[in-house]
Amino acid sequence: MKLRHRSLPLCGMVVTIVIAALFAPLGYASPSFMSSEPIVPKPRHSRLFRSALQQENLNEPKSDLWTPLVNQGWKPCTNSTSTWSSLPKSSGYIQVFLDGGLNQQRMGICDAVAVARLLNATLVIPYLEVNPVWKDTSYFEDIFDVDHFMEVLKDDIYIVRELPEEYTWSTREYYASAIRSTRVKTAPLHASANWYLEHVSPVLESYGIAAISPFSHRLAFNNMPGDIQRLRCKVNFEALTFVPHVRKLGDVLVNRLRFPAIDTKGIKGVGKFVALHLRFDKDMAAHSACDFGGGKAEKKALARYRKAIWQGRVLNSRFTDEELRNQGRCPLTPEEIGLLLTALGFDNSTRLYLASHKVYGGEARISALRKLFPQIEDKKSLASAAERARIKGKASLSAALDYYVSMHSDIFVSASPGNMHNAMVGDRTYLNLKTIRPNMALLGQLFMNKSMNWLEFKAGVVEGQKNRLGKIKIRKEKQSIYTYPVPDCVCQQD
Ligand SMILES: *[C@@H]1O[C@H](CO)[C@@H](O)[C@H](O)[C@H]1NC(C)=O
Ligand SMILES: *[C@@H]1O[C@H](CO)[C@@H](O)[C@H](O)[C@H]1NC(C)=O
Ligand SMILES: *[C@@H]1O[C@H](CO)[C@@H](O)[C@H](O)[C@H]1NC(C)=O
Ligand SMILES: *[C@@H]1O[C@H](CO)[C@@H](O)[C@H](O)[C@H]1NC(C)=O
């Protein structure tokens, strides 16, 4: 059976798991776990929830809730621009094949540019693998503005859209069918600059091309030459923009969120909105191995899904629900995120943009959130099918649209610290935009305490979140510069 690499974001760590490819190419019918079962998620925190509903009016509107972050004394480093006077002679072509969803691929693209620069190589526009969960077949240029990408990086590295004639044999099919000497498949996770010089330079020298796969998370964040680190910042924060039609539709959505057609007289916070990333699909729910209140049917369905996809290799399933919650390893449910936002002072006049793929449990699960926040919108509620035609059925393009709208929100919050959350935290830090980073362990503990009343819960949330609403956080050793761009990409103001 064919093996595939995939990664799941988990509490800021990325756990790479090797799974058996889901569907053998034999025309199997959908496996039984795909069938829909009647799962009725019950509210898990009904007491807090009832209080939250009643408390809405009593919520003192916090005056600084919507105010933009103050200047924290940091700004994007000006030395993120090119310091090379001229490009050295190219040593050959670097090709990468990138796994994962949009945001994982985005990091891979930044790292690929850095590796190409390290090796004085020419980068071939990265190939985006089709992810078994997201199933989007879009190419790089279908998602990212390739002209902009090449223009911004033109003084940093050579980039080509396609390999020249003499190398067109170097395709993913070629590498999938046999062991090939131009393929580099042994790059360790977080490999050093030296690793690439030692192991990939010789391949370039011998063959004029090196195809690196797998490549996700294969370049370290520490002990990188300063120019390489700066280049990674430049790619992530400046060179990567979405294709014009995604940006245009994103602007339409942002505009409709800011200036709704309905009469908004008397509603606070008009013109402002919170983007909520709710990655709560079956994949995430199953992988976390937490109990989400869907009863026996849900537990069984998720266990079956785990068995089919990861064949028992999900470490989380060794822990009890309580242990997982204590460690902050359970994504927040829509109900829980609603309680978090209410505790922070948002109320039923707050406009929420739901950035998400699919919510496991569907409307039954979202309804709790909708009760607290009736003004929930998403791309479907804001734009017609005709307007969305070009992204229809494309998970990566939809994710790109959600990313764009989320970047333009006043406040961003995510229900679990996965790849989208991490990318957004980094991008918004770069521009000093307000971002709520849920304190997962603390929230897990608060939600487990069934004797807490609303005011105690609210006080606990406010205390636990006080430094997690956009306050600059300096990157720690080994953390990602794409999530924590200070101080590598964001520098102290003079
Ligand atoms: C890249 O080019 C620079 C400038 O010519 C040179 O100093 C450096 O050794 C080259 N590095 C590699 C890996 O070829
Ligand atoms: C950019 O310059 C600042 C000082 O202005 C320095 O602190 C920082 O380390 C530099 N960044 C890199 C990646 O070299
Ligand atoms: C918000 O909630 C209050 C009661 O808590 C209610 O009077 C008001 O109509 C609600 N507003 C909206 C827009 O639902
Ligand atoms: C639950 O919350 C109450 C009220 O804040 C507190 O007194 C109690 O110690 C908490 N229980 C646990 C197990 O943390």
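Counting convention: from 1, in listed order, for ligands and their atoms alike. As the structure is a computational prediction, the values presented were derived from the model and not from experiment.
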Which word best sums up how the rings of F412 and H277 line up, parallel for under 30°, tilted for 30 to 60°, or perpendicular for over 60°?
parallel
Mind telling me whether H190 and F221 have parallel, tilted or perpendicular rings, with 30° and 60° as the class edges?
tilted
Atom indices of ligand 4, in the order listed, that fall short of 4.0 Å to a heavy atom of [X]:
X: S451; answer: 1 (C)
X: E456; answer: 4 (C), 5 (O)
X: M452; answer: 2 (O), 5 (O)

[X] and [Y] ion-paired at < 4.0 Å:
X: D321; Y: R44; value: yes
X: E322; Y: R325; value: no
X: E298; Y: R365; value: yes

Distance filter under 4.0 Å, heavy atoms only, around ligand 1 gives P88, L118, N120, L197
Straight-line distance of Q465 CD to R437 CZ, nearest 0.5 Å
8.5 Å
Write out all pairs satisfying salt bridge (Lys or Arg N to Asp or Glu O under 4.0 Å) with one or both partners inside residues 157-166, taking only residues at least two apart or from two chains.
D147-R161
